Each structure stands twice: as C-alpha cells, then as structure tokens.
Amino acid sequence: MSRLILTRRRLLGLGAASAGSLLLAGCDQFDFLGARNDPVRNFLERANQLTYSAQRALVGEQALAKEFSESEIRQGQRPNGSTDPRNILYRDLEAGGFAAYKLRIIGLVETPKEYSLAELQNMPSRTQITRHDCVEGWSCIAKWSGVPLSRLLDEAKVQPTAKFVVYHCYDQMGGGLSAPEAYYTSSDLIDAFHPQTIAAYGLNGSALPVSNGAPVRIRIERALGYKQPKYVHTIELVDSFAKFGMGQGGYWEDHGYDWYGGI
Ligand SMILES: Nc1nc2c(c(=O)[nH]1)N[C@H]1C(S)=C(S)[C@@H](COP(=O)(O)O)O[C@H]1N2
Ligand SMILES: [Mo]
C-alpha cells in the first residue's frame with residue numbers, strides 16, 4: 001500500500017500533504033469518478049500516459065462498477081449503433097454459425113494469440129449484471145458472460161512498452177457521402193485488466209445475438225456505451241493510436257466524443 005502511494009506521489013508530483021489526503025480519502029474517492037474535476041479521475045486520465053508496469057500496479061486499486069440482481073433486468077439489451085453488419089467477412093462467419101470466428105490478440109505482445117469461439121467458451125468465465133449507459137440518454141441492465149480480458153492479455157504477454165488496447169470491429173460506419181470507417185475504440189491498460197472487463201459471448205443467459213455484437217464484444221463496465229465494442233475481431237496492444245482512423249482512439253472519439261468515456 002505505502003509503495004503504491006509513493007508511486008502515485010512520484011507520478012503525480014504531489015507534495016506530502018496532498019498525498020496524505022489521497023490516502024485518507026481512500027477508496028471513497030473512486031465513487032466520484034464521474035465528477036470531471038475529481039483528483040483521482042484526473043490522475044487516472046493521466047495514467048494513459050503510463051506504460052504497462054505502472055498501469056498494472058494500479059489495477060488492484062480499481063473500484064468495481066455496480067452489479068445488479070436478476071430481478072433488476074427489466075428488458076432485453078436495447079440494440080444500438082450497428083445491429084446487422086454488412087461486411088462480407090462478417091456475413092460469411094455468421095452464415096457458418098461463427099464456427100470459423102477467431103479473436104486475435106496482436107501488437108505489443110510477446111506471443112500473438114487467436115481464439116475460436118469454442119476456445120473462449122471453454123475458458124474460465126465471469127458473469128455480471130451491469131448497467132449500460134448510452135450517451136443518447138438511455139440505460140439497460142443486462143447480464144453479460146465472457147472471459148476476463150486480463151486472462152487473454154496475460155496469455156499473450158503484454159510488452160512493457162504497451163500503453164493502450166485498441167479494439168477492432170467488423171462493422172463499418174458512415175457510407176453514403178462519407179467513406180465507410182470501421183468501428184473501433186480503445187482503452188488504457190487499467191480498464192483492459194479491470195476484473196469486470198470481459199470478452200463477452202453471452203447476454204442474459206443466451207448466446208450474444210448479432211444485434212448486440214455476436215459472437216464477441218468487449219464490456220468495459222465503467223465506460224459509456226460507445227466504449228463497449230461489438231463484433232470484435234482483433235485486440236491490438238499499442239503505444240499510440242495515432243495511426244488508426246483519425247487518431248483519436250475510436251470511431252466516436254474521432255467524431256468528437258471523449259476518449260476516456262467514463263461513467
Ligand atoms: N462495433 C460496434 N460497437 C459498438 C457500436 C457500434 O455501432 N459498432 N455502438 C456503440 C454504442 S454507441 C452503444 S450504446 C453500444 C450498444 O450496444 P448494444 O447494441 O448491445 O445495446 O454499442 C457500442 N459499440
Ligand atoms: Mo451509445
């Protein structure tokens with residue numbers, strides 16, 4: 001504990017007094033992550049400048065998103081955004097019942113990996129009932145099941161220089177007058193290794209439907225809806241997302257949404 005606080009002090013450049021108040025405030029502070037000027041939130045946002053080992057050191061301090069009971073699931077998860085990807089690769093996978101689907105882990109890892117849906121389903125799983133908040137102003141409580149992303153990242157062995165995780169999806173946005181752009185988003189490693197972050201293949205006790213991101217979508221439970229990528233085919237560890245899309249770390253982020261997108 002004291003080592004972590006010291007690490008924070010060093011990272012934040014705080015004096016002894018403010019480090020002390022951070023310590024006294026303890027975990028309660030994490031309940032106020034939504035407040036934009038919260039010092040801990042500001043600290044975490046700066047954490048995206050940190051490398052793997054520094055971010056890993058902070059994972060244990062993370063608050064969990066609230067979990068709900070079965071009786072609080074009042075309706076199905078409302079499909080939003082892409083609900084029926086037209087991409088030919090995706091159409092073929094869907095026609096084959098996703099038997100040929102692979103989830104790839106690439107980029108700044110020691111051992112690039114790929115997993116079939118069956119392989120993911122045979123790994124230790126986690127189920128959680130959480131609330132999804134879309135910036136459009138609606139929420140849904142739903143039960144998600146999947147493999148903790150930390151497990152997949154540990155198997156691929158994240159390289160020390162990695163700072164972000166980019167989630168690449170099959171569906172394309174835009175079209176019409178604007179050129180199609182593949183949906184993608186990204187997170188820091190703290191959110192990627194967070195215990196509630198899962199590669200989800202189950203929704204409310206059934207296989208994840210196409211409308212909600214089949215066969216695999218990522219749940220990052222402390223983030224807004226647009227940070228919950230559906231139809232994910234590749235997870236890429238990077239030290240910068242400048243080379244993707246318009247360089248802001250996601251499709252909606254490229255179109256002006258906040259990168260962190262925390263709730
Ligand atoms: N690939 C992909 N992921 C996506 C989107 C999308 O259009 N494509 N929309 C996002 C938005 S804005 C929301 S609110 C949620 C909707 O998830 P749902 O359809 O399961 O409710 O997915 C997010 N992830
Ligand atoms: Mo959304």
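Order of appearance sets the numbers: ligands from 1, and atoms from 1 within every ligand. Sequence positions, counted from 1, serve as the residue numbers for this chain. If you're wondering where the values come from, they're calculated on a predicted model, not measured in any experiment.
- Between W252 and Y257, the gap from one ring centroid to the other is short of 6.0 Å.
- Between H233 and Y101, the distance from one ring center to the other does not fall under 6.0 angstrom.
- Note on R91 versus D84: salt bridge recorded, some NZ/NE/NH1/NH2 to OD/OE distance being below 4.0 Å.
- Protein residues are said to neighbour a ligand when one of their heavy atoms lies under 4.0 Å from it; for ligand 1 these are Q77, R78, P79, N80, G81, S82, H132, C134, W138, C169, D171, M173, Y183, S211, N212, R217, G225, Y226, Q228, P229, K230, Y231.
- Aromatic ring centres of Y170 and Y90 lie closer together than 6.0 Å.
- Aromatic ring centroids of W259 and F164 lie under 6.0 Å apart.
- Listed by first and then second residue, the side chain to side chain donor-acceptor pair (under 3.5 Å) pairs that reach into residues 207-219 are H132-R219, R219-E221, sequence neighbours excluded.
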